[in-house]
Trainee: 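Next up is a structure, given as structure tokens.
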Amino acid sequence: MSNTVTQAPAHDDHHEAPKGLVRWLTTTNHKDIGTMYLLFALLMFFVGGAMALIIRLELFQPGLQYVQPEFFNQMTTMHALIMIFGAVMPAFVGLANWMIPLQIGAPDMALPRMNNFSFWILPFAFTLLLSTLFMPGGGPASGWTLYPPLVQQTGDALPFVILAIHLMGISSIMGAINVVVTIMNMRAPGMTLLKMPLFTWTWLITAYLLIAVMPVLAGAVTMLLTDQFFGTTFFHAAGGGDPVMYQHIFWFFGHPEVYIMILPAFGIISEIIPTFARKPLFGYDAMVYATASIAFLSFIVWAHHMFTVGMPLAGQLFFMFATMLIAVPTGVKVFNWTATMWRGAMTFETPMLFAIAFLFLFTIGGFSGLMLSIVPADYQYHDSYFVVAHFHYVLVPGAVFAIMAGVYYWLPKWTGHMYDETLGKIHFWLSVIGVNVTFFPQHFLGLAGMPRRIPDYATQFANFNMMSSIGAFIFGLSQLMFVYIIFKAIRGGAKATAEVWDSPKGLEWTVPSPAPHHTFDEAPQVK
Amino acid sequence: MSERPEVKTDEQATTSGHRSLVGKLLLMAGGMFAFGFALVPLYDVFCEVTGFGGRTNTEAAVVVERPDESRTVTVEFVATLGGFAPWDFEPAVTTMEVHPGRLYQTHYVARNRTSGELTGHAVPSVAPGSAARHFQKTECFCFTPQAFHPDEERDMPVVFIIDPNLPRHVDRVTLSYTFFAGQTVAGRTN
């Protein structure tokens, strides 16, 4: 490896690498692009988080205090779009960029220029999306699902929102193609598919999901656009269309999308738990097949999002049982993670704490999902705060905690410095308490009948809403610590060794920390 | 740096491998984009076959009367205005007791509330969905656009029949019309 280090400067001269801003604009290096994706996701996490805090501020007490209902609705819509497409997905793509080449022993991503392009689309897409807040009629306010006919009442913003979604889709598809080609064509000699690290595996499957469903979303929003401006009637009953059809097309995208946001998280957790339990992952093959089964099932359960629009009994039964079936491979995964920890020599560094919290809290989200899959129960829970609690449990302590776990786990590899463990643990405990105080009471609110996406509520919901808002501010503000810890580790700190942790498995731990600009110029041999 | 040339040939070899895989993946993305649009006609066919979404005939049906006196079904009539259409629009009667297999006639009343010429059209829907394809209309104002003079009020007839094959558990069928301003007729560009 010392070879690589001494070569690096000469290599840079050869490319006449530009400095400053131009370097970041023109870079084709997977590590640079990964860093940009991650920082962009972090920025969007705070933008979307600020919107969430506006929502929770308004809901702190019943009555209208701070914002108008129209603006409140824009906040719920934008919060979702930004967190999904701007924070969670780019964070996973950033981790994929950094870690997949390192995990499979490849020198870079397969298509480096497309990689640069797919990142640089994103700032434009989100500038466009955020700019709609200042347009006549305000930003989109119909919820992130953009159901017609409500969404057709959006003001001037609608075409801009649709264009922004197209751009995000193009970026995701290009990113996904890059991941597939890298994994299929650039694995080190000897690394067969069933020797790949699980983070790489889950990303391979996620990438296929992205390529399969992002174009369907593009089609759905294109139909909204032509309905609004070109006289088509895909979703207008007056012209023979059907607004319910939009829901089918949207959720054909939307359900695989939720697995796009969780499968890479499964991969990260499958990397972290064996390292800190000091045992190999229990049931590696089962993990791979479970991931693939979840991906397959995600295509045949979409209508469980729309039981209440009306559906033949046979349809309701099919979608109910298919949805419940997903609990089986997911249960296999939870079992395997637990079995990996069983009798392990566990230590509880920050990444492991986040991973364990993921395991516990994601499972709670999974169980409330099972409750929602029961058709007669869903008639009561639909569009209530119970649904809000459910998907925030799988997305915040699920996807977001996994991303944070991954960041703490690989940060020493990226920066060459250990992060501040004490601060990391404080960040963890504040986050885990904040998340539960925020979202657990929302289960009760939903069961008691509080609908989602409203700025005001009946007074019997006041106490739980106040708790939820307090939790949201604890969680939101404690994320400032996360930023501080990351930048502290970038600027300095204890030197990290190549292995960083106690004999972790994987090729990424064979390169020095920080990982040099170019790694695996010569492919390693995998036994 | 001495190994550069060798790396180059490697790169060329892998580039063609990349290109064919990228081609396939782009094809897959393009195919899924097309699939999104293909869902539209597929959904139409699905609705017409199953009655899903309350889809009912928008062209005159040809039927034979085979009355089943032993069975009585309640038919409810509902009228809704689409958007902010400037009409009065309501059914003449709100319910009827009918026997399956016999033709019945009723009418809706519509009035143009403006002082200008207006054309509108009605989009029918039947609930529950499982009854939709057993509910046939042989004559209906929903088959054609309806033109109104200023302030004109008019009776608009419907002749319908319920198929004796209506599932046994259905004893109540709702026929709903939504009246829209404009020319096009549901599902067809007459």
Side-chain angles (χ1 to χ4, degrees), chain A residues 7 10-11 13-14 107 110-111 114 149 169-170 173-174 176-182 184-186 207-208 210-223 231-245 248-250 252-253 309-315 521-523, chain B residues 1 3-4 7 10-11 13-15 17-40 42-44 46-47 50-55 58 80 82-83 85 120-123 125 127-130 178-189:
Chain A
Q7 268 183 21
H11 207 80
D13 287 347
H14 180 71
L111 312 158
M114 195 168 87
I170 290 167
I173 291 168
M174 289 198 302
I177 288 177
N178 212 343
V179 166
V180 173
V181 178
T182 306
M184 297 313 280
N185 287 0
M186 296 180 70
Y208 274 110
L210 277 166
I211 296 167
V213 301
M214 291 308 289
V216 177
L217 174 67
V221 295
T222 304
M223 289 182 222
T232 59
T233 54
F234 288 110
F235 310 127
H236 280 303
D242 187 347
V244 174
M245 183 176 70
H248 283 286
I249 301 175
F250 180 86
F252 185 84
F253 145 80
V309 300
M311 203 181 298
L313 184 65
D521 275 339
E522 232 166 291
Chain B
M1 293 295 101
E3 66 205 35
R4 270 277 133 193
V7 172
D10 255 13
E11 269 170 17
T14 52
T15 307
H18 291 351
R19 200 161 288 161
S20 86
L21 185 52
V22 170
K24 282 176 205 153
L25 294 171
L26 281 175
L27 209 64
M28 185 177 160
M32 288 310 289
F33 185 71
F35 174 73
F37 285 87
L39 284 174
V40 178
L42 285 176
Y43 182 83
D44 268 353
F46 178 75
C47 288
T50 62
F52 180 80
R55 202 69 70 91
T58 48
T80 316
H121 71 275
V123 176
S125 167
S130 54
T178 308
F179 207 56
F180 292 94
Q183 287 284 349
T184 45
V185 172
R188 312 274 182 277
T189 34

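Reminder, nothing fancy here: chain letters follow the sequence lines and each chain counts from 1. These figures come from a predicted structure and were not determined experimentally. Heavy-atom basis, side chains included; hydrogens, waters and symmetry copies ignored.
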Trainee: At a heavy-atom separation under 4.5 Å, does B/F33 approach chain A through its side chain, its backbone, both, or neither?
Mentor: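 Both backbone and side chain.
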
Trainee: Would you compute the distance between atom CG of A/D242 and atom OG of B/S125 and round it to the nearest 0.5 angstrom?
Mentor: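 Rounded to the nearest 0.5 Å, the CG-OG separation comes out at 9.0 Å.
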
Trainee: Given heavy-atom pairs under 4.5 angstrom as the criterion, report whether the side chain, backbone, both or neither of A/I177 touches chain B.
Mentor: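 The answer is both parts of A/I177.
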
Trainee: Most heavy-atom pairs under 4.5 angstrom with chain B, which of A/H236, A/M174, A/M223?
Mentor: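 Counting heavy-atom pairs under 4.5 Å, the top option is A/M223.
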
Trainee: Based on non-hydrogen pairs under 4.5 Å, which of B/G31, B/A29, B/G36 is most in contact with chain A?
Mentor: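 Between B/G31, B/A29, B/G36, the count favours B/A29.
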
Trainee: For each of A/V216, A/I211, A/L313, tally heavy-atom pairs with chain B at distances under 4.5 Å, and name the one with the top tally.
Mentor: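 Going by pairs under 4.5 Å, I would pick A/I211.
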
Trainee: Please state whether the side chain, the backbone, both or neither of A/F252 comes within less than 4.5 Å of a heavy atom of chain B.
Mentor: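 Contact with chain B involves the side chain of A/F252 alone.
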
Trainee: Excluding sequence neighbours, so at least two apart, what forms side chain to side chain donor-acceptor pair (under 3.5 Å) with A/T222?
Mentor: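 Only A/H166 meet the side chain to side chain donor-acceptor pair (under 3.5 Å) criterion with A/T222.
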
Trainee: Looking at A/A176, A/A218, A/A212, A/P149, which one has more heavy-atom pairs under 4.5 Å with chain B than the rest?
Mentor: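 Ranked by heavy-atom pairs under 4.5 Å with chain B, first place is A/A212.
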
Trainee: Mind telling me whether A/H248 and B/Y43 have parallel, tilted or perpendicular rings, with 30° and 60° as the class edges?
Mentor: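 Tilted, since the angle between the ring planes falls between 30° and 60°.
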
Trainee: Using modelled atom types and a 3.5 Å cut-off, is there a donor and acceptor pairing between side-chain atoms of B/H121 and backbone atoms of A/G239?
Mentor: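 Side chain of B/H121 to backbone of A/G239, a donor-acceptor pair under 3.5 Å: no, none is there.
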
Trainee: Looking only at heavy atoms, what is the nearest atom pair of A/A110 and A/V181, with distance?
Mentor: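 A/A110 and A/V181 have their closest heavy atoms at CB-CG1, 3.5 Å.
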
Trainee: Could you tell me which non-hydrogen atom of A/D521 sits nearest to which non-hydrogen atom of A/P107, and how far apart they are?
Mentor: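 Looks like OD1-CB, 4.1 Å.
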
